[in-house]
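Accompanying notes for the structure given below.
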Amino acid sequence: MTAASIRPARVRFAPSPTGFLHLGGLRTALFDWLYARHTGGQFILRIEDTDQKRFNPASLENLMRSLRWLGLDWDEGPDVGGPHAPYTQSERRELYQHYASWLIAQGKAYRCYTSEAELEELRARGLPYDRRHRNLTPAEQAALEAEGRPAVVRFAAPLSGTTTVHDAIRGPITVETHSVVDPVLLKSDGLPTYHLAVVVDDHLMEITHVLRGEEWIPSAPLHQLLFDAFGWEAPIFVHLPVILDPSGKGKMSKRKTVVDGREFSPFVHDYMEGGYLPDAMFNFLANMGWSYDGEREIFTREEAVARFEVTDISPKATALPFGKLDWMNGVYIRQRAPAQLHAELVPYVAAGLGIEESQLVQDRRLVELVPLIQERIKVLSEATALIDWAFVSADQITYPDPSLLIGKKLTAAESLAVLAVCAELTGSVDPFEVSVLEAAFRGQAEQMAIKLGSFLAPVRVALTGRAVSPPLFESMHVLGREESLRRMANAMAALRAVG
RNA sequence: GGCCCUAUCGUCUAGUGGACCAGGACUCAGCCCUUUCAAGGCUGCGACAGGGGUUCGAAUCCCCUUAGGGCUACCA
């Protein structure tokens, strides 16, 4: 543990509710949470909805649901309240107006009457704002006010010197102060811009560490200048590397993209619905820009909390390795207790089968099937495709390609004979248990001098309709003796029909 | 264009001047195991962007080049 983690940190995740939460945002929230928990501090959720034009009401619910799914619980926030409520910026507008007025009174900010059109003109000529209203005489200002022109409040940034912000990952970042060209603090609609709101709120909410995307680095000097202007101590800045597109080229887009023929979604809810386990996603994301120790990539939440340091985060942008996500999700699925996996699988399988969950929860077949597919699926949503044969009647197993019923190195006649003898065994074994079935079938295969794999192939296809299935004797047991016999009979008929 | 950030296997990463002819993971290939498919085990392919310094010694520090990325709004 380093000196940086001795003090309990107050860390906030401050998304703007303009759309669905994406993986980059979730990673930021995860790091926020990890650091708050590591230091025994607080994790705070704050909603930055100062852009009323882009506000999307659905995004709020999506956001909270996504955070809860990953297990990121917040100590203060819009729904749970806290000592610095409200936690929604649109409900704090008077606060920002007050601080903007204070800045004006101090001569550190001023009202600017430049219209959008005038600004557009400057931009068209490649020029920044020319500070035209920074030093208005009282008479000039009165005249503009009298015209009823809408005004914004701009920061009167210092005109010389350099400004340095300290980034916990990158060290000092220094820029020429004159490059900060009097940014707008208060918009003409009375709401603050991000810059004012973030500084005021981070100070008022006693935030100690600001973790945010590196796209904020360019405006960090402005924020430093604002903290200075207010006479406040700035928090520690931690600019997280951006997450790149899976192709590795460019920032991850906010739409689905296709790479190597596979579709990738940036949205968290697509992974929730796609059958990824929150534990796996947590573990996966924790490896994006941070690493546990260079050797282990699988670790628990507790282990990550114990070890997480903001100064260990890499400054390098990363492309999400989705192949590794799948692998890791598979690892977590295999680690699951069968009973828990069963519970997690029910919604997916019920949906896949098109039946009600209530019809499935008690179904003995699924209970038996879960351990069989546990090491064969990487995401929950793949389960149905592996076991749907167990939930249909014998007649629904058709053999469109009867040649599949022919085992490797066997003729159609031999396969038919295998099926016949297997049906006989199936009908006679007692008790109808996996080990008994296996012993009987093995003995028979040996007697007929057929490799077990080839011997079992016709039976596998007969029972499941496919050449690939969960282990055979267990599958037979799931179906039961009578159902197994029906399917073998049908298969033999299908094979004879082409034979 | 301007300002800023970054640079180790295809990808995610370890590495903070000597223990590195660079370690782990995913992917891929081969072999083993095997009841198909998986899972598991073993082996292999595979990187310090380039050039200058500093130093007895550099992946590690400095500079330049190159490449990628971000920002450049009364959006966040």
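Chain A is the first sequence line, chain B the second, and so forth, proteins listed ahead of strands; every chain is numbered from 1.
- The same atom, P, is picked in B:rA67 and in B:rC28; the two are 33 Å apart, to the nearest Å.
- Residue A:Lys251 is the one, among A:Lys251 and A:Val184, whose nearest nucleotide of RNA chain B lies closer to the 5' end (criterion: closest heavy atom).
- Listed in residue order, the members of residues 15-30 of chain A having a heavy atom less than 4.0 Å from RNA chain B are A:Ser16.
- Within residues 315-327 of chain A, the residues having any heavy atom under 4.0 Å from RNA chain B are, by residue number, A:Pro315, A:Lys316, A:Thr318, A:Ala319, A:Pro321, A:Gly323, A:Lys324, A:Trp327.
- A salt bridge is defined here as a Lys NZ or Arg NE, NH1 or NH2 lying under 4.0 Å from an Asp or Glu carboxylate O, and A:Arg466 with A:Asp388 meets this definition.
- Remark: the separation of the C1' atoms in B:rG52 and B:rG18 is 23 Å, to the nearest Å.
- Around NZ of A:Lys187, the count of heavy atoms belonging to other residues, nucleotides or ligands within 6.0 Å exceeds 12.
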Report all interatomic pairs (protein N or O, nucleotide N or O of nucleotides 36-38 of chain B) with separations under 3.5 Å.
residue, atom, partner, partner atom, Å
B:rU36, O2', A:Ala467, O, 3.3
B:rU36, O2, A:Ser469, N, 2.8
B:rU36, O2, A:Ser469, O, 3.1
B:rU36, N3, A:Arg460, NH1, 3.3
B:rU36, N3, A:Ser469, O, 2.5
B:rU36, O4, A:Arg376, NH2, 3.4
B:rU36, O4, A:Pro471, N, 3.3
B:rC37, O2, A:Arg376, NE, 2.5
B:rC37, N3, A:Arg376, NE, 3.1
B:rC37, N3, A:Arg376, NH2, 2.7
B:rC37, N4, A:Arg376, NH2, 3.3
B:rA38, O2', A:Glu375, O, 2.4
B:rA38, N1, A:Glu375, OE2, 3.0
B:rA38, N3, A:Glu375, OE2, 2.8

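- Straight-line distance between the C1' atoms of B:rA25 and B:rA19: roughly 23 Å, to the nearest whole Å.
- Side chain of A:Ser475 to main chain of A:Pro471: a donor-acceptor pair is present (N/O by atom type, distance under 3.5 Å, no hydrogens or angles).
- Of the C1' atoms belonging to B:rU27 and B:rG44, the separation is 14 Å, rounded to the nearest Å.
- A donor-acceptor pair is defined here as one N or O able to donate and one able to accept, closer than 3.5 Å; such a pair exists between the side chain of A:Tyr399 and the backbone of A:Ala462.
- When each of A:Tyr194 and A:Glu438 is assigned the nucleotide of RNA chain B with its nearest heavy atom, A:Glu438 is the one assigned upstream, toward the 5' end.
- The distance from atom CG of A:Asp245 to atom P of B:rG68 is 15 Å, rounded to the nearest whole Å.
- When A:Thr164, A:Thr162, A:Thr163 are each tested for a side-chain hydrogen bond (donor to acceptor under 3.5 Å, both in side chains) with A:Thr174, only one passes: A:Thr164.
- Nucleotides B:rC71 and B:rU54 place their P atoms 39 Å apart, quoted to the nearest Å.
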